[in-house]
Asks: 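What follows is a structure written as structure tokens; I'll ask about it next.
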Amino acid sequence: MVQSRRSFIYRSVCVTASLGLLGCAAGEQGKSSPVTAMSESNTIPYLDTLGIQLYTVREQMAEDPATTLRALADLGYRQVELMDTRDIARLKPICDELGLSVNSSFMQWTAITGRWDLVPDTPPITTDEVFEQANAGGVSHVVFGYLRPEERTSADDWKRHIEGINEAGLTARKAGLSLAYHNHNFEWEPVDGTIGWELLLAELDGSLVPFELDLGWASLAGQDPASVLEQVSDRVRLLHVKDLNDVPQHVTIASMPSATFTELGTGRLDIPQLMRMGKEYGVEHCFYEQDHNWHPDALGSARSSIEFLRS
């Protein structure tokens with residue numbers, strides 16, 4: 001049965017190739033880029049180190065991680081960002097064998113917020129254990145990436161969590177690591193006459209906790225992603241490139257349409273220019289991510305997106 005699942009996942013890569021969406025055989029079919037190809041003088045950075053957040057292919061990873069990672073490497077991705085530091089020990093050896101770097105991993109956010117009551121089926125873990133897992137696997141960046149709605153009902157909630165994130169950032173630095181904050185759209189949701197984003201800018205210690213800026217989520221919140229990137233130019237170290245269809249502004253995850261996300265180059269963001277800005281501002285690692293709405297599946301979207309960047 002394991003071999004059957006493995007064959008199914010890898011065949012999905014090659015079958016889509018025959019339709020011109022994926023290239024597993026010699027000779028690239030490629031699809032016409034929806035955006036005019038960049039000239040050589042405007043080369044897109046990060047192509048030789050481009051990563052993918054594994055949340056994009058979470059369904060395939062749940063079925064057969066080794067075959068999924070092999071498919072991503074064959075598509076041309078050079079690194080992966082893990083969904084949880086508890087996956088490092090299991091997945092890092094596979095990635096090493098495939099030549100996929102692992103520089104960054106998300107963490108279980110409740111290790112910092114302490115709200116284990118919100119995730120009763122998740123075994124508790126301490127920040128010290130999180131950072132030990134990262135160091136054991138040679139991962140340099142750990143990402144704090146979420147707050148449940150119940151954890152951000154007031155400005156005081158935000159301030160309390162930011163204080164905890166700063167403390168964890170100091171602990172991470174002492175462990176030789178970097179803790180980053182990853183945004184969604186809810187940072188721009190009004191709360192007590194302000195928004196979480198303004199509180200983050202004012203109270204998050206950028207020298208301890210830089211940003212992993214997700215351009216798609218910022219755009220979904222009604223922000224100009226280039227302006228947000230410039231706003232944190234002195235403290236952004238990781239970048240998520242994500243494209244959106246033409247959907248209205250949403251500042252809560254629950255309210256967004258199911259067809260919000262799309263492959264790079266088919267939506268409303270100028271992804272190449274944003275990547276160039278990231279390079280100028282000192283972003284170390286860049287990851288493609290697509291949360292939903294894949295065509296024909298998550299691996300197909302991963303291939304279409306990397307082909308757009310290389311077109």
Side-chain angles (χ1 to χ4, degrees), residues 1-34 37-38 43-83 87-105 137-139 239-243 261-266 271-272 275 285-311:
M1 177 61 84
V2 172
Q3 181 60 38
S4 176
R5 288 198 302 267
R6 179 178 297 114
S7 299
F8 173 77
I9 291 173
Y10 205 73
R11 280 202 308 272
S12 74
V13 179
C14 295
V15 167
T16 316
S18 69
L19 301 177
L21 289 172
L22 292 175
C24 298
E28 288 292 329
Q29 298 294 323
K31 70 184 182 76
S32 298
S33 171
M38 299 294 111
T43 301
I44 301 174
Y46 304 109
L47 292 186
D48 57 344
T49 61
L50 185 66
I52 181 170
Q53 164 53 243
L54 291 181
Y55 186 72
T56 304
V57 291
R58 58 193 178 277
E59 295 175 3
Q60 289 85 352
M61 288 294 295
E63 285 292 314
D64 190 335
T67 303
T68 303
L69 291 168
R70 176 189 168 200
L72 294 173
D74 286 350
L75 292 176
Y77 289 94
R78 295 295 174 250
Q79 61 174 311
V80 295
E81 183 176 52
L82 303 187
M83 292 180 278
D87 296 332
I88 294 174
R90 176 173 58 92
L91 297 180
K92 182 66 160 52
I94 304 172
C95 292
D96 288 344
E97 185 176 342
L98 293 168
L100 287 168
S101 299
V102 182
N103 296 297
S104 179
S105 174
V139 174
L239 201 64
H240 271 201
V241 289
K242 178 179 299 178
D243 217 342
F261 305 107
T262 188
E263 292 74 26
L264 300 185
T266 65
I271 298 296
M275 291 172 70
H285 302 289
C286 183
F287 303 95
Y288 154 71
E289 184 182 30
Q290 186 170 334
D291 300 58
H292 302 284
N293 198 38
W294 310 286
H295 298 98
D297 54 29
L299 286 170
S301 293
R303 197 300 181 154
S304 296
S305 291
I306 196 171
E307 282 304 305
F308 161 73
L309 294 176
R310 289 179 167 172
S311 63

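It should be emphasised that the depicted structure is a prediction, and the values quoted were computed from it without experimental measurement.
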Asks: Just to verify, what does Thr262 make a side chain to side chain contact (heavy atoms under 4.5 Å, CB included) with, not counting sequence neighbours?
Replies: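 Thr262 satisfies side chain to side chain contact (heavy atoms under 4.5 Å, CB included) with Asp243, Asn245, Thr266 only.
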Asks: Main chain of Ser301, side chain of Ser304: is a donor-acceptor contact present, judged purely on distance under 3.5 Å?
Replies: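 Such a contact is absent between Ser304 side chain and Ser301 backbone.
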Asks: Just verifying a value: how many Å separate Leu72 CG and Thr67 OG1, rounded to the nearest 0.5 Å?
Replies: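 Taking CG in Leu72 and OG1 in Thr67, the distance rounds to 11.0 Å.
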Asks: Using side-chain hydrogen bond (donor to acceptor under 3.5 Å, both in side chains) as the criterion, list what pairs up with Ser104, not counting sequence neighbours.
Replies: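 Partners of Ser104 by the side-chain hydrogen bond (donor to acceptor under 3.5 Å, both in side chains) criterion, ordered by chain and then number, come out as Glu81.
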Asks: What are the two closest heavy atoms between Leu54 and Leu91, and how far apart are they?
Replies: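 Heavy-atom minimum between the residues: CD1-CD1, 4.4 Å.
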Asks: What residues form a salt bridge (charged side-chain N to carboxylate O under 4.0 Å, His left out) with Glu263, not counting sequence neighbours?
Replies: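 None.
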Asks: How many angstroms lie between CD in Gln79 and CG in Asp48, if you round to the nearest 0.5 Å?
Replies: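 Rounded to the nearest 0.5 Å, the CD-CG separation comes out at 10.0 Å.
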Asks: Does the Thr56 side chain pair with the main chain of Gln53, one donor and one acceptor, at a distance under 3.5 Å?
Replies: yes
Asks: Would you check if Ile88 and Val102 make a side-chain contact, meaning some heavy-atom pair closer than 4.5 Å?
Replies: no
Asks: Rounded at 0.5 Å granularity, tell me how far OH in Tyr46 sits from NE2 in His285.
Replies: 9.5 Å
Asks: How far does CD1 of Ile271 sit from OG of Ser305, to the nearest 0.5 angstrom?
Replies: 8.5 Å
Asks: Looking at every heavy atom in both Thr68 and Gln60, which two are closest together, and how far apart are they?
Replies: OG1-O, 3.1 Å
Asks: Going by ring-ring contact (aromatic ring centres under 6.0 Å, His included), name the residues that satisfy it together with Tyr77, two or more places apart in sequence or in a different chain.
Replies: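 Listed in chain order: nothing, the list is empty.
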Asks: Compare every heavy atom of Cys286 with every heavy atom of Leu50, then report the nearest pair and how far apart it is.
Replies: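 Answer, listing the atom of Leu50 first, then Cys286: CD1-O, 3.8 Å.
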Asks: Distance from Leu47 atom CG to Ile306 atom CD1, nearest 0.5 Å?
Replies: 7.5 Å
Asks: Closest heavy-atom contact between Asp291 and Phe261?
Replies: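 Minimum heavy-atom separation between Asp291 and Phe261: CB-CE1, 3.5 Å.
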Asks: Contact between His240 and Tyr55 at the side-chain level, heavy atoms closer than 4.5 Å - yes or no?
Replies: no
Asks: Tell me the closest heavy-atom pair linking Cys95 and Val80, and the distance in Å.
Replies: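 Looking at all heavy atoms of both residues, the closest pair is SG-CG2, 3.8 Å.
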Asks: Looking at residues at least two apart in the chain, or sitting in another chain, which of them share a side-chain hydrogen bond (donor to acceptor under 3.5 Å, both in side chains) with Arg58?
Replies: His292
Asks: Looking at residues at least two apart in the chain, or sitting in another chain, which of them share a side chain to side chain contact (heavy atoms under 4.5 Å, CB included) with Arg90?
Replies: Pro65, Asp87
Asks: As an exercise, state the distance from NZ of Lys92 to CG of Leu100, rounded to the nearest 0.5 Å.
Replies: 10.5 Å
Asks: What closest approach, in Å, do Ala302 and Tyr288 show between heavy atoms, and which atom pair accounts for it?
Replies: CA-CE2, 3.6 Å
